[in-house]
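Heads up: the structure comes next, in structure tokens.
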Amino acid sequence: MSDKIIVNRLAGSIGAEIIGADVKNEHHWPIIRKAFIDFSVISIREQNITPDDHLTFAKRWGEINVNRFFNSLESYPNIAIVLKEADQTAAIGEDWHTDHSYDTKPAMCSILHAIDLPPYGGDTCFSSQYAAYDALSNKMKKMLDGQYAWHSSRHAFGETAKSDAQHKTGNFKNANKATQDALHPVVITHPLSGKKALYVNPDFTTHLEGFKPSESKAILSFLYSHCQNADFQCRIKWKKGDVTMWDNRATWHKAINDYQGYRRYMHRITVEGCTVNP
Ligand code: SIN
């Protein structure tokens, strides 16, 4: 293969950008796949792709998970729209979270394509949940290993969330489908890498199984503050056309909402995962 593909590591714990690759080229797939497993977040720069190309690339990873709460692209029910109009103030995904942790088989990855960007800002930050787990003391690891936590979509996308700023933008639908909760291990063994990762997040985890509410709150609050340590993070600065994908079972992410008065428009495809085990 004569194409020169460069994989640039972005930070010590997580993230790489890939330059010179084309998501449409099947010969580039092994390099992209390896970088994804090694770095958990990859930004494949300057892609010239249609929604069909985006879908074909996503299908290489697995079956598509149709997001039931996000608006979708016309004629493409499996491509979710991540949009903030210039006159809107709330941004989708502006708090730390892991996509689809409320599903019983949580999503493997999300693949975001930048269509229209603000003149500055609108980056996405990621945090490695491998690094977060590794940095805990052995005593804390021992306490958390074998514990389970509940995750839910109800408070984020359900009827009770309808008064939230985000819902008022009209970006979400199907509040009546936010009925499911899921129980997952607090520490999972990643299905691809075999490494251990923390698997709780501030948006969708509601409580720890078997703990008193005050205990669950205190432990989760410690973990959330621990996981936000800058040492575990990388930050993706977008350019139009970039395709960034992240491993939902090894990372948290957060859309930085610092571009008031400008439009940001992305297409997102989420790929099905599997049951997550301790
Ligand atoms: C998301 O949370 O899926 C969106 C991330 C972003 O818009 O940067």
Side-chain angles (χ1 to χ4, degrees), residues 10 14-15 17 36 40-45 47 54 57-58 61 64-73 76 78-86 88-103 106-129 151 153 155-157 161 164-167 169-173 178 201-205 224 227-228 233-260 262-273:
L10 294 176
I14 185 174
E17 65 173 355
F36 174 73
S40 304
V41 175
I42 49 173
S43 190
I44 311 158
R45 300 298 190 182
Q47 301 301 298
H54 190 179
F57 177 66
W61 300 91
I64 307 304
N65 176 311
V66 180
N67 187 298
R68 51 205 176 283
F69 305 123
F70 283 33
N71 290 333
S72 58
L73 192 59
Y76 291 91
N78 35 22
I79 301 187
I81 290 176
V82 176
L83 170 67
K84 184 178 171 224
E85 291 289 9
Q88 294 173 345
T89 51
I92 289 179
E94 64 180 274
D95 297 318
W96 286 110
H97 65 285
T98 302
D99 294 339
H100 289 238
S101 75
Y102 46 78
D103 286 338
M108 171 205 186
C109 65
S110 302
I111 308 174
L112 196 63
H113 179 214
I115 310 290
D116 197 5
L117 292 170
Y120 56 81
D123 300 349
T124 311
C125 286
F126 294 88
S127 166
S128 167
Q129 298 308 292
H151 300 241
S153 63
H155 58 283
F157 299 111
D164 292 358
Q166 191 49 255
H167 282 255
T169 62
N171 280 331
F172 295 148
K173 61 184 181 187
N201 70 87
D203 255 10
F204 303 124
T205 307
Y224 295 160
C227 291
Q228 287 176 48
Q233 293 181 28
C234 77
R235 184 168 179 130
I236 299 294
K237 278 203 162 301
W238 293 89
K239 288 212 184 79
K240 196 172 170 159
D242 290 349
V243 168
T244 297
M245 59 182 292
W246 57 89
D247 186 332
N248 282 307
R249 300 172 304 204
T251 65
W252 281 4
H253 63 281
K254 168 185 169 69
I256 304 298
N257 186 7
D258 60 351
Y259 52 96
Q260 299 302 341
Y262 292 103
R263 185 175 200 257
R264 182 177 182 272
Y265 176 55
M266 327 285 266
H267 290 169
R268 193 182 91 181
I269 303 181
T270 303
V271 178
E272 291 283 12

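Fair warning: this is a prediction, and the values are worked out from it, not measured in the lab. Both counts, for ligands and for their atoms, begin at 1 and track the order of listing.
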- Compare all side-chain heavy atoms of F172 with those of I92 and state whether any distance is below 4.5 angstrom. yes
- Item | Working for side-chain contact (heavy atoms from CB on, under 4.5 Å), residues Q88 and R264 | CA-CA 10 Å; Q88 294 173 345; R264 182 177 182 272; over 6 Å; no
- Message: Give me the atom names and distance for the closest heavy-atom approach of Q129 to C227.
- Response: OE1-SG, 3.1 Å
- Task: Output all residues satisfying side chain to side chain donor-acceptor pair (under 3.5 Å) with S43, sequence neighbours left out; order by chain, then residue number.
- Result: R45, T244
- Message: Within the 4.5 Å heavy-atom criterion, are M245 and F57 side-chain neighbours or not?
- Response: yes
- Query: Which class fits the ring pair W252 and W96: parallel under 30°, tilted 30 to 60°, perpendicular over 60°?
  - Reply: tilted
- Under 4.0 Å from ligand 1, residues with heavy atoms, in chain and number order, are V82, G93, H97, D99, L112, T124, W246, H253, A255, R264, R268
